[in-house]
Amino acid sequence: MIAALLLAAQAMAVPPAASWPHLPPFPLPRDANLADATRFVRGEVAANRCAAATVTPQGSTLSAPVAVLVGPAGGVRQIVPLAIGCPTVEQYTVGYLLALTRIPSEDTSGLAEGWYALTVSYRW
């Protein structure tokens, strides 16, 4: 019994960040509205709580990669942020995605159990 629990825990372990580019992509739900989320991220950058944004003549961007664990019923079980040096933005991104994926949608209903990668890009 204990061996089975340990095997199940290992199967759900977060994949190393180096393998994230090789994970299948997780589809962002179509009804996602990043405009509200971007407002928060822009505020964190403006308040000097996050220096990971890239500034170009076209505007600013900040990318927040995450790994998403999909369970056997197709629902999201866990979201893990990649450390980008902006803890508030990392956790905000996780919370935002959890809210978006709380109810499985047609975008995610056919996903197999396992880990997926998603990068949320905030632009302003």
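The two residues Arg77 and Pro72 have their closest heavy-atom pair at NH1-CD, 4.0 Å. Heavy-atom minimum distance, Pro15 versus Leu23: CG-CD1, 4.0 Å. Taking both residues in full, the closest heavy atoms of Glu90 and Gly85 are given as OE2-N, 3.2 Å, listed atom of the first, atom of the second, then distance. Annotation for Val14 and Trp20: closest pair CG1-CZ2, 4.2 Å, computed over non-hydrogen atoms.
For the pair Phe26 and Val70, the minimum side-chain heavy-atom distance is below 4.5 Å. Under the 4.5 Å side-chain criterion, counting only non-hydrogen atoms from C-beta, Pro27 is in contact with Leu111. Side-chain contact between Val76 and Leu97 is absent, with no heavy atoms from C-beta onward closer than 4.5 Å.
Residues forming a ring-ring contact (aromatic ring centres under 6.0 Å, His included) with Tyr92 (at least two apart in sequence, or on another chain): Phe40. By the side chain to side chain contact (heavy atoms under 4.5 Å, CB included) test, Pro21 is found to be paired with no residue, residues two or more places apart in sequence or in another chain being considered. Scored by the salt bridge (Lys or Arg N to Asp or Glu O under 4.0 Å) test, Arg39 finds Asp36 as partners (sequence neighbours excluded).
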Would you be so kind as to tabulate the donor-acceptor pairs closer than 3.5 Å made by side chains of residues 117-124, with sequence neighbours excluded?
| residue | atom | partner | partner atom | Å |
| --- | --- | --- | --- | --- |
| Ser121 | OG | Ser63 | OG | 3.4 |
| Tyr122 | OH | Thr93 | OG1 | 2.7 |

Show me the donor-acceptor pairs, under 3.5 Å and distance only, between side chains in residues 52-61 and residues at least two apart or in other chains.
| residue | atom | partner | partner atom | Å |
| --- | --- | --- | --- | --- |
| Thr56 | OG1 | Gln58 | N | 3.2 |
| Thr56 | OG1 | Gln58 | OE1 | 3.2 |
| Thr56 | OG1 | Gly59 | N | 3.4 |
| Thr56 | OG1 | Gly59 | O | 3.0 |

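Sorted by first then second residue, the salt bridge (charged side-chain N to carboxylate O under 4.0 Å, His left out) pairs that include residues 44-71, not counting sequence neighbours, are Glu44-Arg49.
The CD atom of Gln78 sits 9.5 Å away from atom CG of Leu98, with the distance rounded to the nearest 0.5 Å.
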